[in-house]
Amino acid sequence: MVAVDAERVPPGHSDAFNIAAFPGRIDILAEPGACPTEWALFSHGDLAFVLKVVSGSLVHGPVRLQFRLGGLADLEARLLTLRRLAGIHRLGRYPLALFPPEPAARKWAFALQVYDGEQAGASQRDIARVLFGATRVEAEWRGVSDSLRQRLRRALSLARRLVGGGFRDLLA
């Protein structure tokens with residue numbers, strides 16, 4: 001995630017960035033407060049990246065983006081986000097080479113499935129039946145290793161951290 005300032009510019013400005021002309025989907029989450037912030041999720045299918053707009057707005061016409069890179073911590077991730085943005089701007093499409101699969105994505109998806117089941121009122125055993133199959137759960141649920149129950153507990157713990165705001169760490 002890269003923090004940016006968005007300064008309005010006239011249409012046709014050499015540095016103009018307009019979300020209406022950007023390929024793919026852009027979802028904006030506005031956080032009001034003393035320092036209002038926009039989170040802009042740029043996506044096309046499974047490909048995505050985030051900009052954090054700390055001043056100005058992407059919503060109201062063309063803007064000039066000023067990038068805040070910060071220090072050395074997480075610099076590589078921020079540079080990758082900038083390379084993605086520049087590639088899309090240059091090519092008019094999302095360059096697949098700049099969007100390698102995220103190794104932890106399956107773990108996050110699994111954790112959120114378990115969380116959804118819990119929020120719907122299902123027991124951990126019922127959730128396990130849906131995710132692993134009734135036969136496996138009946139054979140292993142009260143088995144020697146207790147691994148299925150522990151896996152669900154770990155997934156719920158991760159999901160609660162993500163839902164409780166930890167998702168922001170994924171955007172860094």
Side-chain angles (χ1 to χ4, degrees), residues 1-6 19 22 24-60 63 65-85 88 94 98-134 136-137 140-143 145-172:
M1 180 269 311
V2 172
V4 300
D5 298 298
I19 62 172
F22 206 79
R25 178 181 172 140
I26 303 173
D27 294 302
I28 306 283
L29 171 65
E31 285 187 307
C35 299
T37 301
E38 283 181 356
W39 296 87
L41 172 65
F42 295 77
S43 62
H44 180 72
D46 292 340
L47 311 177
F49 66 94
V50 174
L51 293 180
K52 178 181 179 183
V53 183
V54 294
S55 70
S57 174
L58 299 181
V59 177
H60 304 294
V63 294
L65 300 176
Q66 294 285 340
F67 303 100
R68 295 185 182 190
L69 292 180
L72 293 175
D74 300 318
L75 180 61
E76 290 294 327
R78 289 190 300 275
L79 291 174
L80 177 58
T81 297
L82 291 179
R83 284 193 293 275
R84 289 171 173 170
L85 181 63
I88 296 165
Y94 282 63
L98 294 177
F99 290 90
E102 172 57 58
R106 285 188 178 170
K107 179 173 73 170
W108 300 332
F110 177 78
L112 293 174
Q113 283 179 304
V114 173
Y115 183 82
D116 285 345
E118 181 190 57
Q119 293 301 299
S123 69
Q124 288 185 9
R125 190 173 190 148
D126 289 338
I127 295 167
R129 282 187 188 110
V130 169
L131 297 175
F132 302 117
R136 181 174 176 196
V137 171
E140 298 180 28
W141 192 253
R142 296 272 181 209
S145 74
D146 202 27
S147 64
L148 287 182
R149 291 177 69 181
Q150 292 303 319
R151 185 172 176 196
L152 284 180
R153 287 184 184 129
R154 285 191 306 273
L156 275 172
S157 177
L158 171 60
R160 288 179 184 132
R161 283 194 310 273
L162 292 173
V163 171
F167 69 91
R168 287 186 177 97
D169 295 337
L170 304 179
L171 304 175

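For CG of Leu29, the number of neighbouring non-hydrogen atoms (other residues, nucleotides, ligands) closer than 6.0 Å is greater than 12.
Interatomic distance, Leu98 CG to Leu85 CG, rounded to the nearest 0.5 Å: 11.0 Å. With rounding to the nearest 0.5 angstrom, the CZ atom of Arg84 is 4.5 Å from the CZ atom of Phe99. Rounded to the nearest 0.5 Å, atoms CG (Asp74) and CG (Leu69) are 12.0 Å apart.
Side-chain contact between Arg151 and Phe132: present, with at least one pair of heavy atoms (C-beta onward) separated by less than 4.5 Å.
Between Leu148 and Arg136, the shortest heavy-atom contact is CD2-NH2, 3.6 Å. For the residue pair Ala40 and Ile28, the shortest heavy atom distance occurs at CB-CD1, 3.6 Å. The two residues Ser57 and Val63 have their closest heavy-atom pair at O-CG1, 3.3 Å.
Taking the salt bridge (Lys or Arg N to Asp or Glu O under 4.0 Å) definition, one finds that Arg25 meets it with Asp27, sequence neighbours left out. The side chain to side chain contact (heavy atoms under 4.5 Å, CB included) test applied to Ser157 returns Arg161, not counting sequence neighbours. In this structure Ser55 satisfies the side chain to side chain contact (heavy atoms under 4.5 Å, CB included) test together with Asp5, sequence neighbours excluded.
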Acceptor/donor pairs from residues 108-120 side chains to any protein atom, 3.5 angstrom cut, sequence neighbours excluded:
residue: Glu118; atom: OE1; partner: Arg160; partner atom: NH2; Å: 3.2
residue: Glu118; atom: OE2; partner: Arg160; partner atom: NH2; Å: 2.4

Under 3.5 Å, which donor-acceptor pairs link side chains of residues 44-53 to any protein atom two or more places apart or in another chain?
none

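Using a distance-only test at 3.5 Å, with no hydrogens or angles considered, a donor-acceptor pair links the side chain of Glu38 to the main chain of Leu58.
Taking the six-membered ring where the residue is Trp, Phe22 and Tyr94 present perpendicular rings, their angle passing 60° and hence far from 30°.
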- Between Arg78 and Phe67, is a side-chain contact (heavy atoms from CB on, under 4.5 Å) present by the stated rule, with each step listed? CA-CA 10 Å; Arg78 289 190 300 275; Phe67 303 100; over 6 Å; no
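Sorted by first and then second residue, the side chain to side chain donor-acceptor pair (under 3.5 Å) pairs involving residues 121-133 (not counting sequence neighbours) are Ser123-Asp126, Arg125-Glu138, Asp126-Arg129, Arg129-Glu138.
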